[in-house]
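What you see is a predicted model; the values in this text were computed from it and never measured. Keep in mind that the numbers below use all heavy atoms, side chains included, and drop hydrogens, waters and symmetry copies.
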Amino acid sequence: MAAPELAQTELEGIEGVRMTWLNWPRTKVEASKCVIPIAASIQPIRPHVDLQTLPYPALRCKTCTAVLNPYCRVDFTALMWICPFCFQRNHFPQHYSSMSQTNLPAELYPNFPSIEYLIPNYQNAQNYNSPSPVPIPSPIYLFVLDTCMIEEELEFAKSALKRAIGMLPEMALVGLISYGTQVQVHELGFSDMAKVYLFRGWKEITKDQVLEQLGLGPSSSRRAGTGFQKGGGGGPSPMAGAGPYMGINRFLLPASECEFILNSLLDELAKDQWPVPTGNRALRCTGVALSVAAGLLAAAPVGTGARIITLVGGPCTEGPGSIVSKDLSDPVRSHKDLDKDAAPFFKKAVKFYDELGTQLVNQGHVLDVFASALDQVGIAEMKVAIEKTGGLVVLSESFGHSVFKDSFRRIFEDGEQSLGLSCYGTLEILCSKDIKIQGIIGPCTSLEKKGPSVASTVIGQGNTTAWKMCGLDKNTCLTVFFDVSSSEKTETSGPNAQLYLQFLTSFQSSDGQTRLRVTTVTRRWVDSALGSEELVQGFDQEVAAVLLARLASYKMETEEGFDASRWLDRNLIRLCSKFGDYRKDDPASFTLNPCFSLFPQFMFNLRRSQFVQVFNNSPDETAYFRILLNRESISNAAVMIQPSLISYAFNSLPAPALLDVTSISADRILLLDSYFSIVIFHGTTIAHWRNQGYQNQPAYEALALLLQAPHDDAQLIVRERFPVPRLVVCDQHGSQARFLLAKLNPSATYNNFEAMNPGSDVIFTDDVSLQVFIDHLQRLAVQAS
């Protein structure tokens with residue numbers, strides 16, 4: 001009876017939509033009894049080979065603005081269609097006149113629940129008879145480089161920037177801001193000599209002040225005359241225009257024109273010269289640098305996609321956005337400090353970055369942060385601005401580490417390795433009657449568009465039916481929470497048995513074209529009061545686990561004193577009590593439908609994960625993990641919660657292994673993928689043979705192949721993933737074996753080492769094993785309420 005689940009998995013291919021429940025309970029009361037909220041995970045611009053692109057505008061319903069889709073009823077004789085959302089009858093325009101049952105337009109094909117429209121831009125929207133297409137706007141990359149680093153780190157960062165500039169499209173506009181104790185905005189358009197605008201690092205500065213001091217404000221543009229244009233061409237500069245846009249091309253030049261200038265500037269750029277007294281931290285004004293960057297981009301023409309790509313090498317200690325004092329004896333805030341409200345800089349810094357994020361959202365620009373330091377840099381405070389703008393974030397130990405270098409290179413690659421970075425995205429959701437939208441958890445910002453589909457309860461970005469995504473890519477994933485508003489049972493058979501959702505995503509793709517992706521999905525209403533079989537068969541365990549992880553993380557950040565482990569336990573017990581088969585007060589009789597059988601295991605691993613157990617993680621690391629949990633696809637997020645383990649042995653093909661300490665064997669190699677790191681773990685015997693060099697002898701070719709196989713598979717994972725994971729190669733009983741042991745089920749510990757298999761291992765922990773967890777769950781689920 002897994003057919004509905006399989007159908008959902010196949011449909012996700014082109015729809016990019018997965019839901020916790022394939023069939024929906026009809027009333028609010030029945031929905032609350034399901035325990036797991038009704039929600040959808042959507043990847044708005046997920047690529048697919050079958051996706052059709054249409055060169056004409058979408059046909060919309062005149063009442064609710066829903067787009068024509070395969071679920072509309074069509075009268076071919078009268079050339080009319082009935083909207084499934086509001087049941088409005090709409091006429092087809094003249095160019096659909098040749099349509100028939102055997103000659104359907106692409107948007108009515110049942111195989112195309114997702115379809116894309118190309119939207120032309122016109123300079124004169126009033127005159128459709130002679131439209132004049134606007135040139136495709138050049139994307140802007142504004143690099144912000146921290147210079148308060150040791151020479152070696154600064155060289156690594158400058159080298160990465162040079163490579164990136166060489167990979168940019170020729171017409172991409174590039175700018176550079178460096179900062180330490182003060183902020184330096186480099187004027188690239190003045191090639192005769194290096195020209196820099198300085199901003200004090202301790203002083204908060206507004207957008208208008210930035211524009212005025214850079215000579216880009218309205219009063220400056222009246223004095224300035226025409227904008228500077230590099231080269232001797234006769235046409236106007238792409239960024240030179242009237243009003244406040246005039247002259248911004250002094251700071252932003254096409255990559256093809258400024259590569260030499262930028263490389264020369266980077267070669268001359270030295271470590272921040274401001275003296276740092278003994279026992280003090282470097283004076284680093286990250287907040288002011290980002291304010292200046294956002295202010296500079298405010299002068300860019302509306303509709304131009306821009307990214308602020310920030311390379312940060314330490315904590316902000318100067319000006320707005322500071323996270324710690326200058327005195328090294330004061331430690332950077334920890335989770336305990338945040339819980340006790342003993343982090344004096346935290347709330348003020350979060351407020352500053354929240355306002356900065358709002359400014360960037362209004363401008364339609366993106367904040368990306370690449371942080372490489374052994375100390376914290378302030379990702380926990382910046383998280384709000386990064387998520388609001390849909391920015392990318394990478395956290396690593398050094399600018400020379402492969403995690404940074406490979407991840408940084410990936411954002412500029414094209415072809416198959418491209419991330420599909422897009423900008424200026426908006427998402428609108430239309431629902432059938434009786435469905436309300438509570439909100440979205442993910443990289444977006446509410447547009448405050450009210451309507452009958454807005455729920456009274458809010459989760460994440462709510463109180464709206466439309467959201468803005470300044471930056472999005474092919475892997476961007478959002479979680480939409482729904483509520484059923486109907487309190488009365490209505491007919492669950494016949495024409496009203498189906499519910500409909502439509503996701504409308506408009507965005508500017510990486511090639512500069514504006515597109516509209518329309519995804520329409522339908523699900524069935526079921527009366528769970530009459531029987532829960534249809535409901536059970538449509539349960540998606542992976543989506544439900546990821547949904548609870550995102551919801552628990554959200555509650556931990558927004559609700560004071562929230563106990564995530566207790567909340568997850570209560571939900572799991574309620575779910576098992578509702579859908580399990582058992583006799584009251586008889587744990588031995590408890591069985592769980594196969595559609596739910598993996599869910600307790602997911603919850604066991606979620607309770608132990610870095611999303612719930614923040615001990616031994618800094619606030620920066622926790623924020624980083626949660627940003628990626630909220631934006632990655634369901635399959636990737638599931639690996640973050642419950643890592644995958646593959647076993648390699650002689651005389652057998654690589655095979656999945658239990659995420660358990662008993663999977664460790666002296667003559668095996670294990671490959672653990674926990675998303676953020678990939679671990680290749682050699683058993684003691686394999687490690688001994690490798691150290692003896694047997695793999696280099698022709699007689700032991702099988703050993704050489706066995707040693708190479710997990711490395712090849714690890715490279716396949718690394719090539720497809722962003723951020724690039726950390727690769728750890730270790731041996732049994734070695735110091736780095738902890739990366740594997742920390743993720744395994746402790747079925748054999750120092751308390752019961754007699755359970756250890758020969759050649760296996762024990763885990764020194766007091767954590768309960770999965771079996772003990774399941775035993776407790778069964779006992780609590782069958783208790784008479």
Side-chain angles (χ1 to χ4, degrees), residues 1-12 15 17-42 431-438 455 457 459 479-501 521-551 568 570-582 584 590-603 634 638 777-778 781-782 785:
M1 288 294 293
E5 204 166 344
L6 286 173
Q8 185 178 6
T9 306
E10 288 165 7
L11 274 175
E12 188 208 9
E15 288 179 353
V17 177
R18 286 177 70 176
M19 296 190 182
T20 46
W21 301 98
L22 194 63
N23 302 309
W24 289 27
R26 195 67 185 86
T27 66
K28 197 178 185 76
V29 174
E30 288 173 11
S32 66
K33 289 179 182 176
C34 289
V35 184
I36 305 297
I38 299 171
S41 163
I42 65 165
C431 313
S432 290
K433 186 188 170 191
D434 295 337
I435 299 175
K436 306 288 184 189
I437 304 166
Q438 293 179 317
T457 53
I459 297 175
T479 307
V480 189
F481 291 84
F482 296 101
D483 195 10
V484 179
S485 63
S486 174
S487 56
E488 303 171 3
K489 289 182 184 174
T490 52
E491 190 61 47
T492 54
S493 59
N496 293 328
Q498 296 292 120
L499 62 97
Y500 300 95
L501 302 169
V521 296
T522 182
R523 298 291 185 261
R524 284 191 62 232
W525 292 115
V526 294
D527 190 350
S528 57
L530 300 177
S532 59
E533 184 61 24
E534 284 182 304
L535 208 58
V536 167
Q537 294 301 326
F539 182 66
D540 191 322
Q541 304 179 70
E542 262 194 347
V543 178
V546 173
L547 168 97
L548 284 192
R550 289 172 175 167
L551 197 50
L568 290 169
R570 279 203 303 266
N571 279 310
L572 181 59
I573 292 164
R574 284 177 58 211
L575 188 79
C576 291
S577 297
K578 165 78 175 171
F579 295 105
D581 294 320
Y582 55 88
K584 291 284 186 189
F590 182 87
T591 58
L592 208 51
N593 189 291
C595 294
F596 290 89
S597 58
L598 296 177
F599 192 70
Q601 187 177 318
F602 271 118
M603 290 300 99
I634 292 295
L777 173 62
Q778 289 177 344
V782 302
S785 55

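- Applying the side-chain contact (heavy atoms from CB on, under 4.5 Å) test between W24 and each of D434, I435, V526 identifies I435 as the sole match.
- Checked by atom type and distance alone, the side chain of E30 never pairs as donor or acceptor with a backbone atom of P25 at under 3.5 Å.
- Here the closest heavy-atom approach between residue L777 and residue P600 is recorded as CD2-CB, 3.9 Å.
- Between F481 and L551, the closest side-chain pair of non-hydrogen atoms falls below 4.5 Å.
- You'll find the side chain of R523 stays beyond 4.5 Å of the side chain of Q498, heavy atoms only.
- Taking NZ from K33 and OG1 from T27, the interatomic distance works out to 7.5 Å, rounded to the nearest 0.5 Å.
- A distance of 12.5 Å separates CD1 in I437 from CD1 in I459, rounded to the nearest 0.5 Å.
- D540 has its side chain out of reach of M19: every pair of non-hydrogen atoms, C-beta onward, lies at least 4.5 Å apart.
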| query | Please walk me through it: do Q537 and N593 pass side chain to side chain contact (heavy atoms under 4.5 Å, CB included)? | reply | CA-CA 9 Å; Q537 294 301 326; N593 189 291; 4.2 Å; yes
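- Remark: side-chain polar atoms of W21 are paired, donor with acceptor, to backbone N or O of I36 under 3.5 angstrom.
- Counting heavy atoms of neighbouring residues, nucleotides and ligands inside a 6.0 Å radius, atom NZ of K578 exceeds 12 of them.
- Considering every non-hydrogen atom in both A40 and F482, the closest pair reads CB-CE1, 3.8 Å.
- Note: F596 and F579 have parallel aromatic rings, judged against thresholds of 30 and 60 degrees for the angle between ring planes.
- A heavy-atom distance below 4.5 Å is not found between the side chains of F602 and V546.
- Checked against side-chain hydrogen bond (donor to acceptor under 3.5 Å, both in side chains), T479 has the following partners two or more places apart in sequence or in another chain: R550.
- Taking CD of E15 as the reference point, atom CG of L501 lies at 10.0 Å (rounded to 0.5 Å).
- Residues that satisfy the side-chain hydrogen bond (donor to acceptor under 3.5 Å, both in side chains) test with T457, not counting sequence neighbours, are Q438.
- Between the side chain of T20 and the main chain of A544, no donor-acceptor pair closer than 3.5 Å is present.
- Note that the OG atom of S597 and the CD atom of Q541 stand 5.0 Å from one another [nearest 0.5 Å].
- Listed for the D483 side chain is no donor-acceptor partner under 3.5 Å among the backbone atoms of A455.
- Contact of the E542 side chain with the L598 side chain is not registered, since no non-hydrogen atoms from C-beta on lie closer than 4.5 Å.
- Under the side-chain hydrogen bond (donor to acceptor under 3.5 Å, both in side chains) criterion, N571 pairs with no residue at all, not counting sequence neighbours.
- Pairing each heavy atom of C34 with each of L575, the nearest pair is O-CD1, 3.6 Å.
- To the nearest 0.5 angstrom, C576 atom SG is 4.5 Å from L572 atom CG.
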